[in-house]
Amino acid sequence: MQINNDLKGADLYLIVQGSDQDQSKAINSTYGTFDRIARRFKLNFVGIAQNDKQVTRLHSKMIGK
């Protein structure tokens with residue numbers, strides 16, 4: 001994988017969706033993977049969301065509220 005140097009330091013937001021009742025293992029694994037990717041490519045991993053409340057929180061961070 002490569003990343004354009006213009007994206008270094010950019011914010012990374014991740015929204016995930018699934019159908020299982022308990023997605024905690026998948027979410028934790030996904031978070032860990034994207035955290036490592038963000039560090040590798042010098043991105044700012046802001047967070048991960050899996051429900052409406054978490055999406056709203058990430059959106060607020062994204063627009064600076």
Side-chain angles (χ1 to χ4, degrees):
M1 287 179 69
Q2 293 183 348
I3 191 164
N4 184 322
N5 284 334
D6 294 341
L7 293 177
K8 287 184 179 174
D11 290 342
L12 175 62
Y13 299 83
L14 183 63
I15 298 171
V16 295
Q17 191 276 327
S19 60
D20 195 357
Q21 291 284 2
D22 181 11
Q23 298 181 35
S24 58
K25 288 182 183 178
I27 295 299
N28 290 338
S29 174
T30 302
Y31 186 94
T33 298
F34 277 88
D35 184 54
R36 286 187 297 279
I37 289 170
R39 284 186 278 132
R40 164 69 174 86
F41 294 106
K42 296 178 176 54
L43 299 170
N44 177 32
F45 186 28
V46 178
I48 190 169
Q50 65 178 349
N51 60 44
D52 289 342
K53 184 177 179 180
Q54 293 170 347
V55 169
T56 299
R57 188 186 81 241
L58 282 183
H59 182 260
S60 293
K61 287 183 178 184
M62 186 172 63
I63 62 173
K65 286 187 176 181

Student: When rounded to the nearest 0.5 angstrom, what is the spacing between CG in N28 and CG in D35?
Tutor: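 Separation between the atoms: 12.0 Å.
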Student: Would you please name every residue forming a side chain to side chain contact (heavy atoms under 4.5 Å, CB included) with T30, sequence neighbours left out?
Tutor: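 So T30 forms a side chain to side chain contact (heavy atoms under 4.5 Å, CB included) with L14, V16, F34, I48.
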Student: Provide the closest heavy-atom pair for A49 versus L58 in the form atom of the first, atom of the second, distance.
Tutor: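 Closest approach of A49 to L58: CB-CD1, 3.6 Å.
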Student: Using 0.5 Å steps for rounding, measure from the CZ atom of F45 to the OH atom of Y31.
Tutor: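 F45 atom CZ to Y31 atom OH measures 5.5 Å (nearest 0.5 Å).
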Student: Quick check for you: to the nearest 0.5 Å, what is the distance between L43 atom CG and Y13 atom OH?
Tutor: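 Those atoms lie 12.0 Å apart.
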Student: Once rounded to the nearest 0.5 Å, what's the spacing between atom NZ of K61 and atom OG1 of T56?
Tutor: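 Here the interatomic distance stands at 13.0 Å.
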Student: Just by distance, do the side chain of R57 and the backbone of K53 share a donor-acceptor pair under 3.5 Å?
Tutor: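 No: the side chain of R57 does not pair with the backbone of K53.
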Student: To the nearest 0.5 Å, what is the distance between CG (L12) and CG (L7)?
Tutor: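 Going from CG on L12 over to CG on L7, the span is 10.5 Å.
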Student: For the CZ atom of F41 and the CG atom of N5, what is their distance to the nearest 0.5 Å?
Tutor: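 So the CZ of F41 and the CG of N5 are separated by 11.0 Å.
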